[in-house]
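The block underneath contains the structure these notes are about, expressed in C-alpha cells.
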Amino acid sequence: MKCTVCKGPAVIDVRRHNANFCADHFLKLVRDQVGKAIKDFAMLTRDDRALVAVSGGKDSLAVWDILLELGYAADGLYLGLGIGDYSDASGEMARSFASSRGLRLIEVDLPTDHGFDIPTGAKAARRVPCSACGLSKRHLFDEAARTGGYDVVVTGHNLDDEAAVLFGNVLHWQTDYLGRQLPVLPARHGFPRKVKPLVRLGEREMAAYCVLRGIDYIVEECPMADGNKHLGYKEALNAIEATSPGTKHDFYFGFLARASDRFTPDAETEQSNLGACSRCGAPTTGEVCAFCRLAERATAIPVALGREGGAR
Ligand code: AMP
Ligand code: FES
Ligand code: ZN
Ligand code: ZN
C-alpha cells in the first residue's frame with residue numbers, strides 16, 4: 001500500500017477519500033480537514049479564546065492538539081462526572097496530556113462542586129444515564145465558558161457522532177433537534193458559541209491520529225453506555241458505509257447543505273421562550289433550569305445509594 005500523495009509506504013487507507021496515506025500526509029490530511037471545517041463554517045478566529053471540552057478520549061484530546069498545531073489559543077475543560085473508575089481514569093488522561101504540554105486545564109467536579117454524580121442523578125430523575133449526563137455536560141460547559149470569559153466551547157464530536165445523532169433525529173422526526181444540529185451554534189441568549197471542528201473526520205481517523213501523535217487516551221467506553229441508542233445507530237451506519245464508502249459524509253453534509261434550514265423555525269420557537277433560571281441564571285424555558293431541577297432531586301438521595309442502583 002503506497003501513499004497516494006508521495007508514493008512512500010502508507011500507514012492507513014481512507015476509503016471515503018479512495019486514498020492511502022503515509023504518516024506525514026495523514027497528519028496533514030487531518031489538519032487540513034479541520035482547517036476546512038473551521039473555514040467553511042466560520043467556527044473560530046485567531047482572536048477567540050477557545051475552551052476545549054476534553055473527556056480524556058481520542059476525539060477531544062486530538063481536537064485540542066490540532067487547534068494548538070493550527071495556531072489557535074485553547075485551554076481545556078475536564079468535567080468529573082463521578083462515574084467510578086471510568087471518571088478517575090479519563091481525568092488522568094486529560095491531566096497528563098495538559099501537564100506534559102504545559103497547557104491550562106480547568107476542572108469541574110460534579111460530586112464535589114454540585115453534590116451529586118451521574119449514576120445518582122440519573123436514578124433520581126428517572127432518566128437514562130446518558131440523558132442526565134448530556135444535560136449536565138451542556139450546563140457545565142456553558143457555565144465554565146461564562147465564568148472563564150471564553151468566546152467559544154469546542155467539543156470533539158466527529159462525523160460518526162454527528163451522522164448517528166442525525167440518523168436518530170430523522171428516525172423519530174425530532175424537528176426541533178434537527179433545526180439545531182449544526183457544526184456551529186452561534187452565541188446567543190446567554191449561551192457561548194459551540195463548535196465541532198472534527199465533523200469532517202471519522203472515529204477511525206481520530207484513533208489513528210492519536211496513535212501517530214503519541215497521544216494517550218482512554219480506550220474504554222463509558223460503563224453506563226448500555227442502552228444508549230446512538231451506539232446502535234452507529235453500527236447501522238457502519239454497515240452501510242462498509243459497502244458504500246462516503247455514505248455517512250453525504251448523509252450529514254447533504255443534510256447541512258440541503259435540509260437543515262427547513263427545520264430552523266422549529267428550533268427557533270423553543271429558543272424564543274428562553275428566560276433566566278431563578279436559581280443559577282442559566283438560560284431556560286422554565287422558571288428553574290433542567291440542571292438545577294436535576295441537582296435538587298439528586299442531592300435528596302445519598303450518593304452511595306444512588307450509585308449502587310444506577311451503575312448497573
Ligand atoms: P460524548 O457525549 O461522550 O460523546 O462526548 C462528546 C464530547 O463532549 C467530547 O468529544 C468532549 O468534547 C465532550 N466531553 C465528553 N465528556 C466530557 C467530560 N467528562 N469533560 C469534558 N468534556 C467532555
Ligand atoms: Fe452515557 Fe456515559 S452516561 S455514555
Ligand atoms: Zn505521503
Ligand atoms: Zn439553573
Side-chain angles (χ1 to χ4, degrees), residues 1-14 19-29 50-64 66-67 74-84 86-95 97-98 105-111 117-123 127-145 152-162 164-165 194-199 201 203 206 210 212 217-218 220-231 233-234 310-311:
M1 193 165 80
K2 285 185 179 164
C3 172
T4 309
V5 184
C6 71
K7 311 295 173 216
V11 295
I12 186 168
D13 64 317
V14 182
N20 309 316
F21 298 94
C22 66
D24 285 351
H25 286 117
F26 178 70
L27 294 176
K28 180 175 183 317
L29 171 89
L51 185 62
V52 183
V54 286
S55 64
K58 60 188 185 328
D59 304 298
S60 49
L61 290 177
V63 75
W64 197 6
I66 298 164
L67 290 185
D75 292 339
L77 167 67
Y78 174 75
L79 309 176
L81 298 166
I83 308 179
Y86 174 75
S87 287
D88 298 341
S90 53
E92 248 340 284
M93 292 297 179
R95 269 173 229 123
F97 179 87
L105 180 71
I106 298 172
E107 292 201 43
V108 175
D109 190 62
L110 192 62
D117 55 24
I118 291 300
T120 312
K123 190 168 190 275
R127 284 171 174 263
V128 290
C130 296
S131 150
C133 185
L135 179 165
S136 303
K137 281 191 287 205
R138 284 191 297 275
H139 179 90
L140 298 172
F141 292 164
D142 292 345
E143 191 177 72
V152 52
V153 173
V154 178
T155 56
H157 294 97
N158 59 37
L159 177 61
D160 294 69
D161 298 323
E162 293 306 290
V165 171
K194 307 247 178 66
V195 304
K196 301 171 183 174
L198 298 185
V199 284
L201 293 154
E203 223 141 72
M206 296 329 297
C210 286
L212 292 172
Y217 62 90
I218 183 153
E220 295 99 84
E221 293 289 336
C222 171
M224 311 209 65
D226 270 6
N228 180 329
K229 294 206 174 62
H230 289 113
L231 296 179
Y233 298 150
K234 278 188 181 173

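Start at 1 and go down the list; that is how both ligands and their atoms are numbered. Because only heavy atoms are used, hydrogens play no part in the values below, and waters and symmetry mates are left out as well, while side chains stay in.
- To the nearest 0.5 angstrom, Ser55 atom OG is 11.0 Å from Leu77 atom CG.
- At the top of the distance list for atom 7 (C) of ligand 1, counting protein heavy atoms only, stands His157 CE1, 3.8 Å.
- Closest to atom 20 (N) of ligand 1, if we only count protein heavy atoms, is Leu79 N, 2.9 Å.
- Every atom of ligand 2 is numbered from 1 in the order shown, and the set under 4.0 Å from a heavy atom of Ala225 is 4 (S).
- Contact atoms of ligand 1 toward Ser60: 10 (O), 11 (C), 12 (O) (distance under 4.0 Å to a heavy atom of the residue).
- Considering backbone and side-chain N/O of Val154, none are found under 3.5 Å from N/O of ligand 1.
- Closest heavy-atom contact between Ala53 and Ser60: O-CB, 3.3 Å.
- Side-chain atoms of Asn20 do not come within 3.5 Å of backbone N or O of Met1 as any donor-acceptor pair.
- Going from atom OG1 of Thr155 over to atom CZ of Arg138 covers 11.5 Å, rounded to the nearest 0.5 Å.
- The protein non-hydrogen atom at the shortest distance from atom 9 (C) of ligand 1 is Gly156 N, 3.9 Å.
- In terms of protein heavy-atom proximity, atom 21 (C) of ligand 1 is nearest to Val54 O, 3.1 Å.
- Scanning the protein for heavy atoms near atom 15 (C) of ligand 1, the closest one is Ser55 CB, 3.5 Å.
- Around the Zn ion (ligand 3), the two atoms SG of Cys6 and ND1 of His25 are separated by an angle of 110°, to 10 degrees.
- Looking from atom 5 (O) of ligand 1 to the surrounding protein, the closest heavy atom is Lys137 NZ, 4.2 Å.
- Close approach of ligand 1 to Leu77 (heavy-atom distance below 4.0 Å) involves ligand atoms 21 (C).
- Of all atoms in ligand 2, listed by their number and element, those nearer than 4.0 Å to a heavy atom of Cys133 are 3 (S).
- Across all non-hydrogen atoms, the minimal contact from Val11 to Cys22 is CG2-C, 3.9 Å.
- Looking at atom 1 (Fe) of ligand 2, its nearest protein heavy atom turns out to be Cys130 SG, 2.0 Å.
- Atom-to-atom distance recorded for Asn228:CG and Glu221:CD is 9.0 Å, nearest 0.5 angstrom.
- Scanning all protein heavy atoms for the shortest distance to atom 8 (O) of ligand 1 gives Phe141 CZ, 4.0 Å.
- Close approach of ligand 1 to Thr155 is summarised as follows: ligand atoms under 4.0 Å from at least one heavy atom of the residue are 12 (O).
- Taken from CE in Met93 to NZ in Lys58, the straight-line distance is 13.0 Å, to the nearest 0.5 Å.
- The distance from atom OH of Tyr78 to atom CG of Leu140, rounded to the nearest 0.5 Å, is 12.0 Å.
- Distance check for Cys222 against atom 2 (Fe) of ligand 2: an N/O/S atom falls below 2.8 Å.
- In this structure, Asp142 contributes its side chain and His139 its backbone to no donor-acceptor pair below 3.5 Å.
- Residues Leu81 and Cys133 share a closest heavy-atom pair of CD1-SG, 3.8 Å.
- By the criterion of a heavy-atom distance under 4.0 Å, neither the backbone nor the side chain of Val52 is placed next to ligand 1.
- In terms of protein heavy-atom proximity, atom 12 (O) of ligand 1 is closest to Ala53 O, 2.6 Å.
- At a heavy-atom cutoff of 4.0 Å, ligand 1 is contacted by the side chain of Leu81 but not by its backbone.
- Rounding to the nearest 0.5 angstrom, the gap separating the CG atom in Leu159 from the CG atom in Asp59 is 11.0 Å.
- The residue from Leu79, Ile118, Ile83 that alone fulfils the side chain to side chain contact (heavy atoms under 4.5 Å, CB included) condition with Leu110 is Ile118.
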